[in-house]
Amino acid sequence: MRLNLATASVVAIAAAVFQQPVQAADINEQGAKELQGSLTKLMPQKAVEKGVVAVTPQSDKYQILFDLPKLIGVFDNPNFSLKQISPMTLFAKPADGGLWQVEGTNDFAFTSTGKDLEGKDSDFTYTIAKVAYNGLFDPAISYFRSGDFTSGAGAIKTTAGAEKMDASFSGMNYTLSSVAGASAGVVDFRGSGSIADFKQAIVTPQAPFEFSAESLDIDAGAAGVNAQKLRDLFIFIADRADKKKLEAPEIEELKGHVRAALPFFTSFDEKIDLQKSKVSTAQGDVSAETVSYMMKAAGPLEAMEVGFGFGAKELALADGMVPPIYAPFIPTITDLQLSVPNLNLQAPIDVMLNADYTKEKPLSDAEAAAMGLSVFPGGAYTVNINKSVVTAPSYDLEISGKVTGSLMAPDRVAVDATILARDFDKTMAAVQELGQADPQVMQVFLGMTMVKGLAKTDTDGRSRWDVSVDQNRKVTINGNLLPF
């Protein structure tokens, strides 16, 4: 899931708070002590000594105060100095089935100064109003089973030398749900959310620009999440967060936790839609009614398929950004869908888990190189071009097919594709007109004339070409071997 910064912080805090179930049928001082001890167990000792956490029983619930301003100055170093951080308050009460009902509303502000990776003086400020959360937290997995999270307006500001970034939004919301997975001990999660009126301005000496979107909508899910084992892995890591180096037995225990938590999930999908977005530069504006991004992964680790997608509707460029004669060729609708099947992610994981981390160099150069290649069994790869569409005033194309090859012979690539074109004569006329202004384009027009003669007519009237390019670069179109 992708959570906003405030919600992610709340989840992390709650994971620490409820990492051990607390017997709290009766709200009392003893229960408050147990709850506070459960929290501080995972906190750095310096924070515990500062008394950052205070738990107080209140009738039917516990109030949990995170007195975060006490952290100011505690973890400062030459590259980071905390200047401001708001306190946060949560309320927790026992719910049915051993769950906890967690509620809270806070304004939040965070400011720090320091140096970036290049050594330039930098600062960071994040503010967000009325962060409200209401969810059912499961201590068995140290995560929310369900919940609704909202906020008011927020802003992020950063500077690094002469570079600045300002971002803001008017509000956000996020909803999480879950059900038991297909096998014992796993959970299927689903989440969706939206960020409203997002604006971002980046000022650099080279190329300042601004980006805005009426809304940024997110829908994501993960199935087969090994939640309890991931919780155990998280706790093991958190317990040793202050250690610079693990002892050999701890390394083996860590490997055991990772193996137990695999495959982490059996499928994952995420889709992000930007509504009414615009990028403004010195050269002009580029806008779109909708811009979409998609990613998904499914299958066993030994044969995972990963897919990507990108789409845009009503894409528009400001006048003058391209010469008018090229305007008919600028896509107004784009929908590209790609996937890569049969990825062996288990192989590199096994190499990493079997490495000897007591050595200064756990993997040799040869092992590291082989680990990367092992993702593609035998070095072979396939890229599927799922139904993809590109539309402009002068053309309407649909493409599907696949590209195959081998990492051992990168110059030997095969392509099998089907191309469908609507109103191909209209496209040819546009290319011919463009050729009058740009003589080199006439070579393209002559090629299109030949291709038109090889076209078949599909059932819906579109021109169809089944194209095959073998590893020797021989091209066949609709069964006709081209003489070049």
### Query
Is a side-chain N or O of K426 found less than 3.5 angstrom from the main chain of P393, in a donor-acceptor match?
yes
### Task
With the side chain counted from C-beta on, respond yes when L315 and V291 share a heavy-atom pair under 4.5 Å apart, and no when they do not.
no
## Note on the structure
Nearest heavy-atom contact between L82 and T111 is CD1-O, 3.6 Å
### Summary
For A303, the side-chain contact (heavy atoms from CB on, under 4.5 Å) test, sequence neighbours excluded, returns P300, N342
### Query
For A223, does its backbone N or O pair with a side-chain atom of T266 as donor and acceptor, under 3.5 Å?
yes
### Query
Quick one: do the T113 and D123 side chains pair a donor with an acceptor below 3.5 Å?
no
#### Entry: Salt-bridge contact D458-R464 (side-chain N to carboxylate O under 4.0 Å)
yes
### Query
Under 3.5 Å, is there a donor-acceptor pair between the S468 and D416 side chains?
yes
### Message
One thing to verify: whether K199 and E210 come together as a salt bridge, which I'm taking to mean a side-chain N less than 4.0 angstrom from a carboxylate O.
### Response
no
### Message
Distance alone, cut at 3.5 Å: any donor-acceptor contact between the side chains of Q346 and D350?
### Response
yes
### Query
Does a donor on one side chain sit under 3.5 Å from an acceptor on the other, for D116 and S122?
no
#### Entry: F144 and F137 aromatic ring geometry - parallel, tilted or perpendicular at 30°/60° bounds
perpendicular
### Task
Applying salt bridge (charged side-chain N to carboxylate O under 4.0 Å, His left out), run through E270 and K296 and close with a yes or a no.
CA-CA 6 Å; E270 177 182 66; K296 60 182 179 180; over 6 Å; no
### Task
Check whether any side-chain heavy atom of V390 lies under 4.5 Å from a side-chain heavy atom of L336, and answer yes or no.
yes
### Query
If only atom types and distance count, is the side chain of T204 paired as donor or acceptor with the main-chain N or O of A207 below 3.5 Å?
yes
#### Entry: Minimum heavy-atom distance between T427 and S394, given as atom pair plus value
OG1-O, 2.7 Å
### Task
Hey, can you tell me if F265 and F268 have their rings parallel, tilted or perpendicular (30° and 60° cut-offs)?
tilted
### Query
With the threshold set at 4.0 Å, does a side-chain nitrogen-carboxylate oxygen contact exist between R190 and D219?
yes
### Task
Could you pull out the closest heavy-atom pair between N226 and A261, with the gap in Å?
CB-O, 3.5 Å
### D148 versus T175, side-chain donor and acceptor atoms under 3.5 Å
yes
### Query
More than 12 foreign heavy atoms under 6.0 Å from NZ of K115: is that the case here?
yes
### Summary
Of all heavy-atom pairs linking A437 and P439, the shortest is O-CD, 3.8 Å
### Message
Suppose we screen for side-chain contact (heavy atoms from CB on, under 4.5 Å). Which residues come up paired with S400, at least two apart in sequence or across chains?
### Response
T418
### Query
What pairs meet the ring-ring contact (aromatic ring centres under 6.0 Å, His included) rule with one or both residues in residues 406-454, with sequence neighbours excluded?
F424-W465
### Task
Decide yes or no for Y133 and T105: does some side-chain heavy atom of the first lie under 4.5 Å from some side-chain heavy atom of the second?
no
### Message
Ignoring hydrogens and geometry beyond distance, is a side-chain donor-acceptor pair present between T290 and Q275 at under 3.5 Å?
### Response
yes
### Query
Do the non-hydrogen side-chain atoms of M172 and V131 ever get within less than 4.5 Å of each other?
no
### Query
What pairs with L363 under side-chain contact (heavy atoms from CB on, under 4.5 Å), at least two apart in sequence or on another chain?
V351, A355, E367, M371
### Query
Are S339 and E305 close enough that a side-chain donor and a side-chain acceptor fall under 3.5 Å?
yes
### Task
Write down the atom of A182, the atom of V186, and the distance for their closest heavy-atom approach.
N-CG2, 4.0 Å
### Between Q337 and D335: side-chain donor-acceptor atoms closer than 3.5 Å
yes
### Message
Taking salt bridge (charged side-chain N to carboxylate O under 4.0 Å, His left out) as the definition, give me every residue that meets it alongside D107, ordered by chain and number, with sequence neighbours left out.
### Response
none
### Query
Mind checking whether M88 and S86 have side chains closer than 4.5 Å, heavy atoms only?
no
#### Entry: Any donor-acceptor N or O pair under 3.5 Å, side chains N134, Q101
yes
### Query
Just wondering, do S277 and F211 contact through their side chains at under 4.5 Å, heavy atoms?
yes
### Task
Say whether D423 and Y395, considering side chains only, have a donor N or O and an acceptor N or O under 3.5 Å apart.
no
### Message
Measuring only between side-chain heavy atoms, which start at C-beta, is I385 closer than 4.5 Å to L338?
### Response
yes
### Message
Test of understanding: with salt bridge (charged side-chain N to carboxylate O under 4.0 Å, His left out), list the residues that count as partners of R145, not counting sequence neighbours.
### Response
D138
#### Entry: Salt bridge flag under 4.0 Å for residues R462 and D396
no
#### Entry: Pairwise side-chain contact, T404 with K402, heavy-atom cut-off 4.5 Å (strictly under)
yes
### Task
Decide yes or no on side-chain hydrogen bond (donor to acceptor under 3.5 Å, both in side chains) for D273 and S292, but give the supporting numbers first.
CA-CA 4 Å; D273 292 326; S292 301; 2.6 Å; yes
### Message
So which atom in G152 and which in F169 form the shortest heavy-atom distance, rounded to 0.1 Å?
### Response
O-CE1, 3.6 Å
